[in-house]
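Below: the structure, in C-alpha cells.
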Amino acid sequence: MPAGVYLHVPFCKSRCSYCDFATEVYRDSVVVEQYVDTLCREIEGGNPSRSEGAPERRAEAKEGTLPTGRVSACVDTIYFGGGTPSLLTSRQVEQILEVVKSRFDVSEVAEITLEMNPATVSAEQLEQYRSLGVNRASFGVQTFNDRHLKLLARGHDAHDARQTYKLLRAAGFENISFDLIAGLPGQTIGDWKRNLDEAVSMDPEHLSLYLLEIHEGTPLAEQVRSGRRPIPDEDRAAEMYEVMIERLDRDGYMQYEISNFAKPGLESGHNTKYWRLDPVYGFGVSAHSFDGFQRYSNERDTAEYVGRIAEFGNAEVNRETIDLASEFVFLGLRLNAGIDLASFQDRFGIDLEREHRSDLDRFHEADLVEFHDGNLRLTQKGMLFSNEVFQAFVTERSAISVATQAS
C-alpha cells in the first residue's frame, strides 16, 4: 500500500495558549536554515558527521529506520505540519521536496499538504508553493471571533483569515481545509453557529472541527486553574458537536471521521493513513513514524534533534511494537465507515464480535455503537464518548495516545 511522508516544521510566529505540540517561536533565519538542512539530512538517511570526538557515542547510534539509498515504496501523500510550515521560504520547501523525491518513489498525483496560519504568507509565496506541487492547504483559522483569538494567543485576527483565504484561491489552490475549535472558555452556541456560518460561506473543500482539549503545562491550563478563564462547559461542547454535524450535513459536507468533514472525494488522504494504519514515515523534531509493525518517534527538543542528526544521523528516542489488531480497532472506529468485521477477521484472524461480545453488547445498549452492512461503527452519541469505547480495545502494548499530526 502507498505510504505517506510527514515533515515537522516547529517554528511559529507566537506560542498559542492551548498548544502542546513541539513548537518554538521563530527568532532567527539562520536557525531555521540549519533546521531545514538537518531535516534534509535525516530524510537522506543520516550521514552523521565524521568529526573527532565521542566515538563511543557514535557507536551507539541506531541504524536508520529506512535503508540507505532510494526507497522503492510508493508515497502518495506528503504533509508539512507544525508549527507553521508557511514560515519556510519557497526555496526551503523546494529543497525539502527534492530530497523527499530523491529518497522515495513519489506518485505524480501525490497529495502534498502544507499547514499555514493566516497572515504568514504573501500572494507571491503562495504562487511559488503551488508551482512546487503543493496542492492542498491546511489553514489554521480556529475561530472568526477576534476576542477568542486573543484568548488563544493566535497571531492573527479574523480579517487576516479572510484575506489569506482569498490569496489561496487567487494562487490556484483548489483544495483548502479549515481548522476550527469548539468549546472555548466562554464560547456560546451562537458564537459557534456564527463560526460555522462564515466557514461554510467561504466554501472550503474540507473542515477539521475540534473540541478544545486543555493540556497540562500550557498557558491555557494555568489560566483555567487560576480562575482567570472559565472551565469549558462539556455539555455545551457536546451541543456544539451536534450543531456542527447537522449544519455541515445540510451544506454538503460529508463527515468521514470524528472531527473531519469534506466535500465528496476530498477527504484528507494523509490523515486517513493514520486511521487505516498505513505506513507513514515522519521526519523532523518530534515526528512519529509507523512502518507497518512498529511505531517510533524523534527527539522533541529542536536543538537536541539537530545535534543527534549531526552526530548519529538519527534522532529516534522511542520505539514500540504495537498490537496491530487492537490499534486497528480504535483507530478504525474514528472513521464513519467503521470497521469491516469480515475483513478484520481475514487480516488478524480474530472474530471481533465474539472476542468482545460483552463490551459490544454494553455499548450497543447505550447507543454508542451500531452494526451496519457488516461494519461496526460509532453512533453520533458514540463519537462524543469515543474514549470510553476505545478503552475496551486497548491492550498494554497498544499506544493509547496516537499522534495524527494535523488535519
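These values consider heavy atoms only, across backbone and side chains, with no hydrogens, waters or symmetry-generated copies.
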Given the rule in the side chain to side chain donor-acceptor pair (under 3.5 Å) test, do Asp367 and Gln380 qualify, once you have shown the distances and angles that lead to the verdict? CA-CA 9 Å; Asp367 191 29; Gln380 182 173 320; over 6 Å; no
Step-by-step side-chain contact (heavy atoms from CB on, under 4.5 Å) determination, Leu331 to Tyr274: CA-CA 8 Å; Leu331 286 173; Tyr274 295 105; 5.8 Å; no
May I have the step-by-step check of side-chain contact (heavy atoms from CB on, under 4.5 Å) for Met254 and Leu248, ending in yes or no? CA-CA 7 Å; Met254 177 188 70; Leu248 295 180; over 6 Å; no
Go through the steps for Tyr129 and Phe173 under the test ring-ring contact (aromatic ring centres under 6.0 Å, His included), then give the verdict. CA-CA 10 Å; Tyr129 287 159; Phe173 280 86; 7.7 Å; no
Could you walk me through whether Asp197 and Arg194 pass the salt bridge (Lys or Arg N to Asp or Glu O under 4.0 Å) test, one step at a time? CA-CA 5 Å; Asp197 287 344; Arg194 283 187 286 275; over 6 Å; no
Is there a side-chain contact (heavy atoms from CB on, under 4.5 Å) between Met244 and Leu207? Walk through the geometry before answering. CA-CA 11 Å; Met244 166 178 86; Leu207 288 162; over 6 Å; no
Would you sort out whether Gln95 and Glu33 count as a side-chain contact (heavy atoms from CB on, under 4.5 Å), showing the intermediate values? CA-CA 11 Å; Gln95 178 184 349; Glu33 188 69 21; 4.2 Å; yes
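None of Glu174, Glu205, Glu127 except one satisfies the salt bridge (Lys or Arg N to Asp or Glu O under 4.0 Å) rule with Arg169; the exception is Glu205.
For Arg354, the CZ atom sits in a loose shell: 12 or fewer heavy atoms of surrounding residues, nucleotides or ligands are nearer than 6.0 Å. More than 12 heavy atoms of other residues, nucleotides or ligands shown are found within 6.0 angstrom of CZ on Phe348.
Considering all non-hydrogen atoms of both residues, Phe290 and Leu324 come closest at CZ-CD2, 3.6 Å. Looking at every heavy atom in both residues, Ser268 comes nearest to Arg136 through CB-NH2, 3.6 Å.
Between Ile181 and His148, every side-chain heavy-atom pair lies at or beyond the 4.5 Å cut-off. Side-chain atoms of Asn314 and Arg308, non-hydrogen and from C-beta on, never get closer than 4.5 Å to each other. Phe328 is listed as a side-chain neighbour of Arg347, based on a closest heavy-atom distance under 4.5 Å. Taking the side chain as every heavy atom from C-beta outward, Arg91 and Leu132 never approach each other to under 4.5 Å. Side-chain contact between Asn336 and Met383 is present, with heavy atoms from C-beta onward closer than 4.5 Å. Taking the side chain as every heavy atom from C-beta outward, Tyr210 and Tyr241 never approach each other to under 4.5 Å.
For the residue pair Tyr256 and His206, a side-chain donor N or O sits within less than 3.5 Å of a side-chain acceptor on the partner. Residues Asn260 and Ser208 have side chains that bring a donor and an acceptor to within less than 3.5 angstrom of each other. With 3.5 Å as the limit, one finds a donor-acceptor pair spanning the side chains of Ser86 and Thr120. A donor-acceptor contact closer than 3.5 angstrom links the side chains of Gln294 and Thr321. When only modelled atom types and interatomic distance are considered, Asp346 and Ser343 share no side-chain donor-acceptor pair under 3.5 Å. Looking at Tyr79 and Glu111, their side chains never bring a donor and an acceptor atom within 3.5 Å of each other.
Note on ring orientation: taking the six-membered ring where Trp is involved, the planes of Phe11 and Tyr35 are perpendicular (angle over 60°, cut-offs 30° and 60°).
To the nearest 0.5 angstrom, Ile189 atom CD1 is 10.0 Å from Trp192 atom CH2. Distance check: Glu242 CD to Leu384 CG gives 6.0 Å after rounding to the nearest 0.5 Å. Here CZ of Arg357 is found 12.0 Å from CD of Glu355. Values are rounded to the nearest 0.5 Å.
Phe393 has its ring centre no less than 6.0 Å from the ring centre of Phe330. Between Tyr6 and Phe80, a ring centre-to-centre spacing not shorter than 6.0 Å is recorded.
Note on Asp76 versus Lys273: salt bridge recorded, some NZ/NE/NH1/NH2 to OD/OE distance being below 4.0 Å. The pair Glu370-Arg377 counts as a salt bridge, with a side-chain nitrogen and a carboxylate oxygen less than 4.0 angstrom apart.
Remark: side-chain polar atoms of Gln92 are paired, donor with acceptor, to backbone N or O of Thr89 under 3.5 angstrom.
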